[in-house]
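Before any comments, here is the structure.
Atom set for the values below is all heavy atoms of this structure, side chains included, hydrogens, waters and symmetry mates excluded. The structure displayed is predicted, hence computed values, not measured ones.
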2 protein chains.
Amino acid sequence: MSQGNIDVPVQVAEVDPEKLEACTLLEVINRVSGKWPIGILLEAMRGPVRFTELERAVEGISRRMLTLTLRNLERDGLLVRTVYPTVPPRVEYEATPMAKELYQSLTGLLGWAERHRESIAAARVVYDGHSAC
Amino acid sequence: MSQGNIDVPVQVAEVDPEKLEACTLLEVINRVSGKWPIGILLEAMRGPVRFTELERAVEGISRRMLTLTLRNLERDGLLVRTVYPTVPPRVEYEATPMAKELYQSLTGLLGWAERHRESIAAARVVYDGHSAC
DNA sequence: CTGGATCCCGAGTGATACTG
DNA sequence: CAGTATCACTCGGGATCCAG
């Protein structure tokens, strides 16, 4: 969707489609990887949620990581941050449509994980020396 | 929203379905996160591939990380390792059907990434102070 | 309440050298 | 060819204290 001009000797660089896939996939994987992004996104998906609510909901996250992760998600346009200049500061975070769409895609992975959860566990037991029998 | 059962003292631990989703997703995300797993999987998906071939194909990976990542993927049953006791040792890795199915799921993420690549880039520019204008 | 600033430790990873 | 071993270093992330 980047052009319609025709007579240009396009230098598309012959990108190997598979390399491109690996790269792009890597970007999105990195975006949601880590312990916290998904948990936070899941909460913010249900509607506006406050900082403290997230702190309790995500469970186990430190204030520092909550802040940092929140900033990154906001930066990528996955979360909107709304500040209400009230006396006790009030800030709400909510997932953007883009983030919700991401979740739809993640569902595919979730399905895969659930379908193969046992297979993987079994594979590990075997690999680890199928000792504890 | 935590129950509807009345008479049974079920010990199902009352797992919040959303927590479960976050957890499972996290497992699979962690499995393929990192710089290397995807690249390796992509190569091994095309057919049996040798250690050295991977070392060149993945490009940028160190021998150490290649070995470690390979071991993890094998452990999870995503890769099969075949050793041919020939004079120069020959080892081949190939993606299992399970891994290929995983790739199908990853495709959903890839689609999302491509659809929103520009939006994200734009969001970042804005967030970063839309300076370099 | 919401977050920024520091300090610090351990896991992850690259570089390099060695081996069956 | 296909790894393994070691070392040094970076960096994520927790703990803690400070601030608007």
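- Rounded to whole Å, the distance from CG on L66(A) to C1' on dT16(D) is 17 Å.
- Pairs passing the side chain to side chain donor-acceptor pair (under 3.5 Å) check and including a residue from residues 27-36 of chain A, sequence neighbours excluded, read R31(A)-D76(A).
- W112(B) places a side-chain N or O within 3.5 Å of a backbone atom of M98(A) that can act as its donor or acceptor partner.
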Hey, what are the protein-to-nucleotides 1-3 of chain D N/O distances that come in under 3.5 Å?
residue : atom : partner : partner atom : Å
dC1(D)  : O3'  : R50(B)  : NH2          : 2.9
dC1(D)  : O3'  : P89(B)  : O            : 3.1
dA2(D)  : OP1  : R50(B)  : NE           : 3.0
dA2(D)  : OP1  : R50(B)  : NH2          : 3.1
dA2(D)  : OP1  : V91(B)  : N            : 3.3
dA2(D)  : OP2  : T52(B)  : N            : 3.0
dA2(D)  : OP2  : T52(B)  : OG1          : 2.4
dG3(D)  : OP1  : R71(B)  : NH2          : 3.0
dG3(D)  : OP1  : R81(B)  : NE           : 3.4
dG3(D)  : OP1  : R81(B)  : NH2          : 2.6
dG3(D)  : OP2  : Y93(B)  : OH           : 2.6
dG3(D)  : O6   : R63(B)  : NH1          : 3.1

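- Here the C1' atom of nucleotide dG14(C) and the CD atom of E59(B) are 16 Å apart, to the nearest Å.
- Among pairs with a residue in residues 50-59 of chain B, those fulfilling side chain to side chain donor-acceptor pair (under 3.5 Å) read E55(B)-R63(B), at least two apart in sequence or across chains.
- Contact record, L109(B) with S105(A): CD2-CB, 3.7 Å, taken as the closest heavy-atom pair.
- Within the structure, side chain to side chain donor-acceptor pair (under 3.5 Å) contacts touching residues 87-96 of chain A (residues at least two apart or in different chains) are R71(A)-Y93(A), R81(A)-Y93(A), Y84(A)-E92(A), R90(A)-E92(A).
- The two residues A95(B) and L79(B) come nearest to each other via the heavy atoms CA-CD1, 3.8 Å.
- Taken together through direct or relayed side-chain contacts under 4.5 Å among Ile, Leu, Val, Met, Phe, Trp and Tyr, L73(B) and L25(A) form part of one hydrophobic cluster.
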Could you go through nucleotides 8-14 of chain D and list every protein N or O atom that sits under 3.5 Å from one of its N or O atoms, giving the distance for each pair?
residue : atom : partner : partner atom : Å
dG13(D) : N7   : R64(A)  : NH2          : 2.7
dG14(D) : OP2  : S62(A)  : OG           : 2.9
dG14(D) : N7   : R64(A)  : NE           : 3.4

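- Residues satisfying the side chain to side chain contact (heavy atoms under 4.5 Å, CB included) test with S62(A), not counting sequence neighbours, are R64(A), M65(A).
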